[in-house]
Asker: 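Sending over a structure as structure tokens; questions will come in a sec.
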Amino acid sequence: MLSIDAAAGPTRPAAARTAALCLVTALVASCQLSGRITPTDGGDDIMTLPPADRPAPQSEPTLTLDDESDWIQLPSGEWLKGSVVRVRDRTLEFESDELGGLAFDFDDLLSVRTAEPLVLVTRDEKTLRGRLVLEEDDVWIEGEQTVRLDREEVLASIAADGGSAVDWSGGITAGAVTRNGNTKQTDFSLLGIATRETAQTRWTNTYAGAYSEAQGARTANNHRIRSVYDIFLTPRFFLTLPSIDVFRDEFQNIDIRITPSAQLGYEVVDTANHSWRVAAGPAYQYTKFDSAPAGEDDEDSSFAAIFSSFYTWDITADVAFGFDYQITAPIPDTDEYNHNLILRLGVDLINDLTFNVAFVWDRVNKPVADADGNVPVEDDYRTTIGLGWQF
């Protein structure tokens with residue numbers, strides 16, 4: 001323990017503070033004598049720097065728009081750099097490297113400049129191709145011939161990627177699991193989606209399949225191919241013609257089931273981050289069974305009603321969620337319905353590589369017995385976890 005005799009003089013900390021104060025006072029006095037700092041008029045310890053040797057620039061700031069990116073000017077006057085994805089339902093979708101997917105009211109934007117050509121459709125169904133320039137209520141399409149339009153005449157547009165008037169997007173996910181030893185099992189699954197879009201059409205193709213073996217015997221073998229072609233009648237209403245669904249499931253006793261349909265659909269939500277559309281209409285369903293009990297037909301066909309719903313959500317710039325659902329009910333035997341549900345979650349890794357999780361639920365409400373009288377279980381579930389590639 002340290003003890004200090006008060007009669008011997010100030011403590012060490014007090015002496016240090018006194019020495020420091022004397023040093024600061026000497027430095028201030030020296031600076032004042034040299035003219036580098038001067039005390040304020042109030043005589044306190046606040047000091048000021050010498051006046052600037054030149055005035056601050058008074059010119060207005062300028063913005064240079066490079067020719068390799070698209071630019072949009074917001075109602076606030078701010079400019080954003082990125083890529084114009086599409087215009088539909090008076091909404092402009094924009095992709096920014098820093099901010100991700102964004103959506104803006106097309107009628108509120110002050111200016112738009114695109115670096116690459118796009119395909120634009122007018123309300124009277126004319127199709128134009130070229131760079132888009134928007135200023136106030138005027139729109140110019142700079143192609144082989146420059147055309148000027150009123151903003152209200154624009155119905156839709158889409159980026160003409162690589163000089164093509166269509167835009168392809170999609171991805172594929174593969175999963176595989178093998179086990180050896182006391183249990184010998186192999187599981188394969190594949191999920192692929194490819195969408196082709198123009199300013200007025202959308203063609204979506206989906207494949208989902210799974211194959212499994214355990215101890216040398218097959219335990220799963222199912223495949224589904226779906227192709228849907230949408231034609232936009234208005235910015236939100238569309239006609240699906242045709243739509244076709246082809247399904248096979250060995251363990252549901254379905255050799256092949258083909259369901260062509262025509263549907264009328266509506267875009268409930270269509271923004272940069274959310275998309276939800278629903279459709280319904282008449283269908284025809286043909287089914288060929290792997291086998292049937294003696295004396296019963298191994299084929300069945302009927303008219304049907306079909307309803308579908310497709311939803312996507314870009315949760316963040318790197319995480320996306322999807323929900324696809326379709327139900328088909330034969331007429332008049334609606335209790336023999338079947339439905340298909342797919343849930344998808346994708347996380348971007350590097351470049352175009354993604355980590356994906358998919359859950360598939362197939363249900364046949366009234367399965368048909370096979371030749372041995374075995375009735376399949378109504379529900380089939382499977383989960384696919386694997387790496388994917390996006391384009």
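Numbers here simply count residues along the sequence, with the first being 1.
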Asker: Taking D300 for the side chain and T287 for the main chain, is one N or O donor matched with an acceptor at less than 3.5 Å?
Answerer: no

Asker: Can any side-chain N or O of D370 pair as donor or acceptor with the backbone N or O of S291 at less than 3.5 Å?
Answerer: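 Side chain of D370 to backbone of S291: no pair is present.
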
Asker: Evaluate the side-chain hydrogen bond (donor to acceptor under 3.5 Å, both in side chains) criterion for residues S76 and E78: first the C-alpha distance (whole Å), next the side-chain angles of each, then the deciding distance (0.1 Å), finally the verdict.
Answerer: CA-CA 6 Å; S76 63; E78 300 168 277; 2.6 Å; yes

Asker: Do S302 and Q285 have side-chain atoms, one donor and one acceptor, less than 3.5 Å apart?
Answerer: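 Absent: no donor and acceptor within the cut-off.
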
Asker: Passes side chain to side chain contact (heavy atoms under 4.5 Å, CB included), V139 versus E153? Steps please.
Answerer: CA-CA 9 Å; V139 176; E153 294 183 70; over 6 Å; no

Asker: Is it true that a side-chain atom of N356 and a backbone atom of T173 form a donor plus acceptor pair closer than 3.5 Å?
Answerer: no

Asker: Testing the basics here: between S111 and W79, what is the closest heavy-atom pair and its distance to 0.1 Å?
Answerer: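 Shortest heavy-atom separation between S111 and W79 comes out as CB-CH2, 3.6 Å.
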
Asker: Relative to each other, are the rings of F303 and Y284 parallel, tilted or perpendicular (30° and 60° limits)?
Answerer: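 F303 and Y284: perpendicular rings.
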
Asker: Start with the C-alpha distance between Y311 and Y325, add both sets of side-chain angles, then the distance that settles side chain to side chain contact (heavy atoms under 4.5 Å, CB included), and finish with yes or no.
Answerer: CA-CA 9 Å; Y311 173 75; Y325 180 76; over 6 Å; no

Asker: Could you tell me whether the side chains of D348 and T354 share a donor-acceptor contact shorter than 3.5 Å?
Answerer: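 Result is no, nothing qualifies.
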
Asker: Taking side chain as C-beta onward, heavy atoms only, is L345 less than 4.5 Å from F355?
Answerer: no

Asker: Are F307 and V268 connected, step by step, through hydrophobic side chains (Ile, Leu, Val, Met, Phe, Trp, Tyr) whose heavy atoms are closer than 4.5 Å?
Answerer: yes

Asker: Decide whether V112 and L99 are clustered together by the hydrophobic rule: side chain heavy atoms of Ile, Leu, Val, Met, Phe, Trp, Tyr closer than 4.5 Å, transitively.
Answerer: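 Same cluster.
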
Asker: With a 4.0 Å cut-off on N to O distance, would you call R90 and D105 a salt bridge?
Answerer: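 Judged by the 4.0 Å cut-off on N to carboxylate O distance, R90 and D105 do not form a salt bridge.
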
Asker: Drop me the distance from F104's CZ to Q73's CD, to the nearest 0.5 angstrom.
Answerer: 12.0 Å

Asker: Please check if any side-chain donor atom of Q326 sits under 3.5 Å from a side-chain acceptor atom of D324, or the reverse.
Answerer: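 Short answer, no.
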
Asker: At their closest point, which heavy atom of D108 faces which heavy atom of R151, and how far apart are they?
Answerer: N-NH1, 4.2 Å

Asker: Hey, are S261 and Q263 close enough side-chain-wise for a donor-acceptor pair under 3.5 Å?
Answerer: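 On atom types as modelled, these side chains qualify, holding a pair under 3.5 Å.
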
Asker: Do the side chains of R148 and D150 get close enough for a salt bridge, i.e. N-O under 4.0 angstrom?
Answerer: yes

Asker: Please check: side-chain N/O of T316 versus main-chain N/O of D318, any donor-acceptor pairing under 3.5 Å?
Answerer: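 Looks like yes, one N/O pair under 3.5 Å.
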
Asker: Check the pair I231 / Q200 against side chain to side chain contact (heavy atoms under 4.5 Å, CB included), numbers first and verdict last.
Answerer: CA-CA 6 Å; I231 303 170; Q200 287 185 293; 5.8 Å; no

Asker: What is the minimum heavy-atom distance between P330 and A304, and which atoms define it?
Answerer: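 P330 and A304 have their closest heavy atoms at CA-CB, 3.7 Å.
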
Asker: Could you check whether D362 pairs with R382 (Lys NZ or Arg NE/NH1/NH2 to Asp/Glu carboxylate O, under 4.0 Å)?
Answerer: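 Salt bridge: yes.
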
Asker: Looking only at atom types and distance, does a side-chain atom of R226 sit under 3.5 Å from a main-chain N or O of D245, one as donor and one as acceptor?
Answerer: no

Asker: How long is the span from the CG atom in L264 to the OG1 atom in T240, to the nearest 0.5 Å?
Answerer: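 Taking CG in L264 and OG1 in T240, the distance rounds to 8.0 Å.
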
Asker: Is it true that R86 and E93 have a side-chain N and a carboxylate O under 4.0 angstrom from each other?
Answerer: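 Result for this pair is yes, salt bridge flagged.
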
Asker: Side chains of E267 and R277: does their closest heavy-atom pair fall under 4.5 Å?
Answerer: yes

Asker: Within the 3.5 Å criterion, strictly below it, is a donor on W276 or S309 matched to an acceptor on the partner's side chain?
Answerer: yes

Asker: Would you find a donor on one side and an acceptor on the other, under 3.5 Å apart, between the side chain of Q252 and the backbone of V368?
Answerer: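 Not at all, since once roles are kept as given, no pair shorter than 3.5 Å links the two residues.
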
Asker: What orientation do F237 and Y266 show, parallel under 30°, tilted 30 to 60°, or perpendicular over 60°?
Answerer: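 It falls in the tilted class, 30° to 60°.
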
Asker: For the pair S212 (side chain) and T219 (backbone), establish whether a donor and an acceptor sit closer than 3.5 Å, ignoring hydrogens and angles.
Answerer: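 Not confirmed, S212 side chain does not pair with T219 backbone.
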
Asker: Just by distance, with hydrogens left out, do D70 and T114 show a side-chain donor and acceptor under 3.5 Å apart?
Answerer: no

Asker: With the 4.5 Å side-chain cut-off for hydrophobic clustering, are L134 and V87 part of the same group?
Answerer: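 Yes; tracing contacts between hydrophobic side chains, which count when under 4.5 Å, links both residues.
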
Asker: Starting at OH of Y211, measure out to CG of N222 and round the result to the nearest 0.5 Å.
Answerer: 12.0 Å

Asker: Do V360 and L191 touch side chain to side chain, with heavy atoms closer than 4.5 Å?
Answerer: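 They are not in side-chain contact.
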
Asker: Regarding R224 and the six-membered ring of F247, is the cationic atom NZ or CZ under 6.0 Å from the ring centre and inside 45° of its axis?
Answerer: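 Checked: cation-pi criterion met.
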
Asker: Which heavy atom of V278 sits nearest to which heavy atom of F238, and what is that distance?
Answerer: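 Smallest interatomic distance, heavy atoms only, reads O-CZ, 3.9 Å.
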
Asker: Please check: side-chain N/O of S83 versus main-chain N/O of V85, any donor-acceptor pairing under 3.5 Å?
Answerer: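 No; zero donor-acceptor contacts below 3.5 Å.
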
Asker: Counting C-beta onward and ignoring hydrogens, is there a side-chain heavy-atom pair between D298 and D255 closer than 4.5 Å?
Answerer: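 A side-chain contact under 4.5 Å is absent here.
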
Asker: List the atom of F94, the atom of K81, and the distance in Å for their closest heavy-atom pair.
Answerer: CZ-C, 3.6 Å

Asker: CG of D297: more than 12 outside heavy atoms within 6.0 angstrom?
Answerer: yes

Asker: How close do T384 and G175 get, counting heavy atoms only, and between which atoms?
Answerer: CG2-N, 4.4 Å

Asker: For E144, does the CD atom have more than 12 heavy-atom neighbours from other residues, nucleotides or ligands under 6.0 Å away?
Answerer: no

Asker: Inspect the contact between R257 and D249 and indicate whether a charged nitrogen and a carboxylate oxygen are less than 4.0 angstrom apart.
Answerer: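 A salt bridge is absent here (no side-chain N lies under 4.0 Å from a carboxylate O).
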
Asker: Would you give the length of the straight line joining atom CG of L92 to atom CZ of F106, rounded to the nearest 0.5 angstrom?
Answerer: 6.5 Å

Asker: Less than 4.0 Å between a side-chain N and a carboxylate O, is that true for R248 and D290?
Answerer: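 So D290 pairs with R248 through a salt bridge.
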
Asker: Mind checking whether R129 and I141 have side chains closer than 4.5 Å, heavy atoms only?
Answerer: no

Asker: What is the distance from atom CZ of F289 to atom CD of E299, rounded to the nearest 0.5 Å?
Answerer: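 F289 CZ to E299 CD: 9.5 Å, rounded to 0.5 Å.
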
Asker: Report the distance from atom CG of L118 to atom CG of L128, rounding to the nearest 0.5 Å.
Answerer: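 Spacing of CG (L118) from CG (L128) equals 10.0 Å.
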
Asker: Please examine the side chains of V84 and L132, heavy atoms only from C-beta on, and report whether any two atoms are closer than 4.5 Å.
Answerer: no

Asker: Please answer whether the main-chain N or O of R363 pairs with a side-chain N or O of N338 as donor and acceptor at a distance below 3.5 Å.
Answerer: no

Asker: When clusters are formed by joining ILVMFWY residues with side-chain heavy atoms under 4.5 Å apart, either directly or through shared neighbours, do W313 and V319 land in the same one?
Answerer: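 W313 clusters together with V319.
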
Asker: Is I254 reachable from V246 through a run of I, L, V, M, F, W or Y residues, each pair having side-chain heavy atoms under 4.5 Å apart?
Answerer: no

Asker: Is there a side chain to side chain contact (heavy atoms under 4.5 Å, CB included) between R113 and E135? Walk through the geometry before answering.
Answerer: CA-CA 9 Å; R113 304 283 191 278; E135 192 71 35; 2.8 Å; yes

Asker: Between E213 (side chain only) and A217 (backbone N and O only), is there a donor and an acceptor less than 3.5 Å apart?
Answerer: no

